[in-house]
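Encoded as structure tokens, the structure appears first; notes follow it.
All values reported here derive from a predicted model rather than from experimental measurement.
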Protein chains: 2
Amino acid sequence: LPRFWWVNHKKTFREEVDGGYLWSPKTEISGARSQFYDNLRIARPGDGVISYSNGLIKAIGVVADVAVAAPKPSEFGSRGAQWALDGWLVPVVWQKTQTAARPKDFLAALAPLLPAKYSPLQRDTGHGNQKAYLSEISAEVFNLVATRVGVSLPNEVEWKIKASSSQAFIEEFEAAIESSIRSSTTLTVTEKAQLVLARRGQGAFRRHVSTIEKACRCTGIRAPELLIASHIKPWRYCTDAEERLDGSNGLLLSPNADHLFDRGLMSFDDGGQVIVSSALTKESLAKLGIFTSNVGAFLPTQAPYLRFHRSHILVP
Amino acid sequence: LPRFWWVNHKKTFREEVDGGYLWSPKTEISGARSQFYDNLRIARPGDGVISYSNGLIKAIGVVADVAVAAPKPSEFGSRGAQWALDGWLVPVVWQKTQTAARPKDFLAALAPLLPAKYSPLQRDTGHGNQKAYLSEISAEVFNLVATRVGVSLPNEVEWKIKASSSQAFIEEFEAAIESSIRSSTTLTVTEKAQLVLARRGQGAFRRHVSTIEKACRCTGIRAPELLIASHIKPWRYCTDAEERLDGSNGLLLSPNADHLFDRGLMSFDDGGQVIVSSALTKESLAKLGIFTSNVGAFLPTQAPYLRFHRSHILVP
């Protein structure tokens, strides 16, 4: 069943709605967790979202893909300069409303339906809750607002056709990093080539991984043409060439396992226990042929990378 | 069991051995089939290869991946200018020999072991067979030559560690095309962006495919976050923007099916019957969870692309 969300964009309404996504830092600048940020990882494809900024509702959307760990979008520019660079991005198919609705205008009907905790608006004044970013709301709130602005959710086929996948955003982030590698004045031509090849799991990175991992831990497949060299700590998050090419920062996985691991829909504990994201249904898991039996303990040199994957990439 | 091969490089010894591959056109310039070229699609990871050029054996190698359809490597330059641009590439882990062996010097021992048909050398003179490129030889020939040059095949672990995958070569070819798209003076900024996104199955291409295909034909998966928009006629082979963005030139596939289809290890007939490459073992197929039941007939608009896939991409 879909859930419903309300986003207080504050300064980034235009970027997020035109760009087709939601983005938040992973934590407060202090490092403290925020339910409003954690909610990005709870949102699932098909969920409804109400967009609120400057006192107005001007767009309604449908979540198009599960969240992906991503740096702050460059088009935010100096806005949100105080935000941590590392965040969650959720692709959304937005639909701008014909007329803007002002929640204060129908606060009497709205206020009793707002949640007691983590409300997007102050129930007495109708002002936006300063701390709020993404709040969960009930279907009643969603329908009340949708009626006011005369918009209904597009049907499943329609939003799937319009959807951007998280992968498209990742491509964009990574292309910017690749371009900065290519224009580096401190790396040699060979180093640049290896770092670029490593982005796709090829070249020196794959060779280094192959000295440590011999088969897909999930399927046991050993045929090289069926295996993908996946970074554990993603290429875009590696801080230097060493991490990007480190054989301990990789696994050889068959394509389904690679996709789930790369998208944070699956991870492993250090002992080899499979961790499955709640975003993945049992039905999908079975269709993908992924079993959740132990895949074998990891090496001490792999453990720090796996820790990063569990805390920064895995969609819980 | 591995098979054994003998390549007459002629003009491209250095490029192929330093580059870690074998490359041949798909057909004679007349369009006629050649067993010497077809053999590239028969070679499998683990097979042994003897390299012969200018009357000498100077390298021995192990096939590292199944063939992939690929244009003529740019480093061939004007060599082989008469060859068709479209060919097969097989990654090989080459090992140069300490001393070069001259087959003419041990022709008495070698000649009786050479095949009657498609022999790499003329059995009476020891001259290279002008028509030959990749010839199948017996284990006896391979061992005789290997003993002469004092080289043995690296063990499986060793060659897997050194192996380049076909994907690495594809990345290189595609990067060159992407770069020419980016520097085009006739395409708009938006068109360039869509064509580059299409390379990774994203953006307009994915949306167009989604209007035609609703689920993975192999697994029935509908969750957008688990599906990849694959080109049927690969992006690198499309002749224009229309083909690269055409929704009829795509399928939505789960990652395993996408990988097999993309690598030519699987294809479909127009009626939806699955065609499995002989390069894929039954064991691997089962581990990948791919079933060979009919996936449903394709549309007339998809058929020409599928025909290209079967004749140019599928590894038989």
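- Residues Pro224(A) and Pro45(B) share a closest heavy-atom pair of CG-CB, 4.4 Å.
- In this structure, the portion of Ala279(A) lying under 4.5 Å from any heavy atom of chain B is its backbone and not its side chain.
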**Q.** Stepwise side chain to side chain contact (heavy atoms under 4.5 Å, CB included) check, Gln167(B) with Gln202(A)
**A.** CA-CA 8 Å; Gln167(B) 197 53 43; Gln202(A) 303 295 341; 3.2 Å; yes
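- Of the possible donor and acceptor atoms, none in the side chain of His259(B) sits under 3.5 Å from a partner among the backbone N and O of Ser254(A).
- Within the 4.5 angstrom heavy-atom criterion, no atom of Ser166(B) approaches chain A.
- No more than 12 heavy atoms of other residues, nucleotides or ligands lie within 6.0 Å of CD in Glu172(B), so this atom counts as exposed by the packing criterion.
- Only the side chain of Arg200(A) comes within less than 4.5 Å of a heavy atom in chain B; its backbone stays farther off.
- For residues 249-263 of chain A, the set of pairs meeting the salt bridge (Lys or Arg N to Asp or Glu O under 4.0 Å) definition, not counting sequence neighbours, comprises Asp65(A)-Arg263(A).
- Neither the backbone nor the side chain of Ala193(A) comes within contact range of chain B, judged by heavy atoms closer than 4.5 Å.
- For the pair Glu283(A) and Ile221(B), the minimum side-chain heavy-atom distance is 4.5 Å or more.
- Residues of residues 286-296 of chain B placed with any heavy atom under 4.5 Å of a heavy atom in chain A are listed by number as Lys287(B), Leu288(B).
- When heavy atoms are compared at a cutoff of 4.5 Å, Glu171(B) approaches chain A solely by way of its side chain, counted from C-beta outward.
- In this structure the side chain of Asn256(A) never reaches within 4.5 angstrom of the side chain of Leu226(B), judged on heavy atoms.
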